[in-house]
Protein chains: 2
Amino acid sequence: MTEQPAQTTTAGDPATARGEQTRQLIRDTAMRLFRERGYAQTTMRAIAQEAGVAVGNAYYYFGSKDHLIQEFYAQSQVEHRAAAQPVLDREEAFGPRLAGVLHAGIDVLTPSHGFAATFFKTAAEPTSPLSPFSAESSGPRQAAIDLFGEVLTGSTATVDAELRPQLPELLWLAYMGVILYWVHDRSPGQTKTRQLIDGAVPLVDRLVTLSRLRVLRPVTRQVLDLIRTLRH
Amino acid sequence: MTEQPAQTTTAGDPATARGEQTRQLIRDTAMRLFRERGYAQTTMRAIAQEAGVAVGNAYYYFGSKDHLIQEFYAQSQVEHRAAAQPVLDREEAFGPRLAGVLHAGIDVLTPSHGFAATFFKTAAEPTSPLSPFSAESSGPRQAAIDLFGEVLTGSTATVDAELRPQLPELLWLAYMGVILYWVHDRSPGQTKTRQLIDGAVPLVDRLVTLSRLRVLRPVTRQVLDLIRTLRH
DNA sequence: CGCCCTTCTTGAACGTGTTCAACTACCGAC
DNA sequence: GTCGGTAGTTGAACACGTTCAAGAAGGGCG
């Protein structure tokens with residue numbers, strides 16, 4: 001099952017080199033322990049021991065304990081994409097598509113609610129490479145934004161031409177807001193978050209539709225100008 | 001300068017007891033070092049040493065390093081209230097009052113942008129008592145919400161009767177959003193955050209005014225119902 | 001086979017936040 | 001004044017994340 005050795009092995013990239021198995025072993029062990037015990041309660045020593053390697057070995061593959069979180073990020077994004085596929089195949093109207101994709105995201109995260117809540121603290125730090133806004137997370141982030149692009153592309157909705165290119169990112173931002181709420185959601189099974197989605201989506205839907213009205217054109221433009229200004 | 005000893009000293013309350021001076025000394029030292037070196041770079045040992053006390057003594061007054069942040073919270077809130085007073089005295093229209101109060105908040109925080117950004121990570125953790133949504137922060141939070149209540153009370157604006165009671169908290173929530181943006185704002189002097197305030201306030205103003213229109217009544221109610229549902 | 005170089009692995013050591021058993025300072029009661 | 005109890009204070013000890021010098025494993029090349 002070993003891959004052919006890459007001809008040009010870039011120096012700082014362990015991903016294609018020998019230790020790929022070890023890397024995955026450590027990652028999977030960490031994810032399991034995070035789920036079982038929570039993030040703070042899982043020590044690097046415990047991860048190393050359970051994986052049968054030395055502590056320093058974990059640091060060879062992952063720069064810090066926080067960097068293991070980024071693995072979780074990426075993995076969740078992939079699962080989200082997969083879970084959203086049926087919705088994108090089935091639904092045609094904008095509202096149901098958006099709601100479905102949002103629900104799919106929460107579906108994927110639900111088993112990890114306990115520890116994911118804890119780790120989002122790290123994600124909130126602006127200086128951290130783990131921030132969803134950081135350059136280091138741009139991969140998963142762009143994938144997520146593209147997912148919301150697909151929500152639009154495949155839908156029957158007609159959107160204001162100026163709003164259109166900004167909308168995927170705005171929807172992703174709204175999704176971040178949903179997650180922020182979800183993280184703080186103490187209701188059993190995070191029912192409230194579901195209500196948030198079901199309640200907010202029709203509003204967003206209406207808003208997007210209304211944005212085309214001539215009367216609201218100035219407001220639409222004003223909002224879009226503001227957003228463009230604020231973008232980094 | 002010593003206060004009269006409180007007659008009924010509640011057991012778990014060091015605030016009114018002898019060590020009040022020490023408490024303040026540690027707090028002030030911590031705040032100074034946080035500003036000088038940043039949060040992560042300031043060790044508890046350094047705080048203790050600079051304050052001339054033992055490490056354990058700091059833990060007698062503050063449960064953890066994070067709890068020192070809550071002091072910063074409370075202090076900032078008081079300063080915010082003071083800085084907002086001139087605006088509340090001067091302005092009468094809703095828009096300028098809101099903008100002024102928001103700017104005042106950022107004014108107060110600006111000198112601490114470097115380290116405040118770092119510490120907001122801790123605030124984002126839902127399980128932490130430091131979260132602005134937590135019960136333990138309810139004091140400063142309520143004070144902040146009341147401040148936005150004053151923005152409304154003193155203004156000439158007429159607000160939808162059903163929206164009115166919810167509005168202060170919603171404005172506070174918007175303020176939290178501004179702070180979240182500010183924390184990530186890398187523009188020199190955080191100019192972008194100022195633009196966000198100046199750009200968003202007119203929109204909020206218009207939205208609040210429009211909420212009274214008969215045509216929009218259903219939407220207003222829909223939004224308010226959703227908010228009421230989502231409240232904890 | 002022997003050599004060299006890169007990749008991978010190790011675990012002791014460091015600095016950190018935090019805890020805690022022991023100690024001291026103070027104050028009211030008798 | 002002495003006693004007793006609470007408030008305040010101490011610093012060594014602990015567990016954790018992280019670093020790093022040292023070594024092992026592997027593979028290409030003569």
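A, B, ... follow the sequence lines: proteins, then strands. Residue 1 opens every chain.
- Here the two rings, on A/F34 and A/F115, have centers that are under 6.0 Å apart.
- One can place CZ of A/F34 at 9 Å from P of D/dG17, the figure rounded to the nearest angstrom.
- With rounding to whole Å, A/Q49 atom CD is found 11 Å from D/dC16 atom P.
- Ring centroid separation for the pair A/H67 and A/Y73 does not come in under the 6.0 Å cut-off.
- Applying the side chain to side chain donor-acceptor pair (under 3.5 Å) definition to pairs two or more places apart or across chains, those involving residues 45-55 of chain B are B/R32-B/E50.
- Looking only at side-chain heavy atoms (C-beta outward), A/Q166 and A/R228 come within less than 4.5 Å of each other.
- Of the N and O atoms on the side chains of A/D185 and A/S187, at least one donor lies less than 3.5 Å from an acceptor on the other residue.
- Between B/T43 and the phosphate of C/dG15, there is no side-chain N or O to OP1/OP2 separation shorter than 4.0 Å.
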Which protein N or O atoms sit under 3.5 Å from an N or O of nucleotides 18-21 of chain D?
| residue | atom | partner | partner atom | Å |
| --- | --- | --- | --- | --- |
| D/dT18 | OP2 | A/Y59 | OH | 2.8 |
| D/dT18 | OP2 | A/K65 | N | 2.8 |
| D/dT18 | O5' | A/Y59 | OH | 3.4 |

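- Going from atom CD1 of B/I47 over to atom P of C/dG15 covers 18 Å, rounded to whole Å.
- OP1 or OP2 of D/dG8 sits under 4.0 Å from a side-chain N or O of B/Y60.
- Rounded to a whole Å, the CZ atom of B/R37 is 14 Å from the C1' atom of C/dT16.
- Note: CZ (A/F62) to P (D/dG17) measures 15 Å, nearest angstrom.
- In this structure, B/E20 places its CD atom 17 Å from C1' of C/dC26, rounding to the nearest Å.
- B/Q21 has its CD atom 14 Å from the C1' atom of C/dC26, to the nearest Å.
- No side-chain N or O of A/Q77 forms a donor-acceptor pair with one of A/R81 less than 3.5 Å apart.
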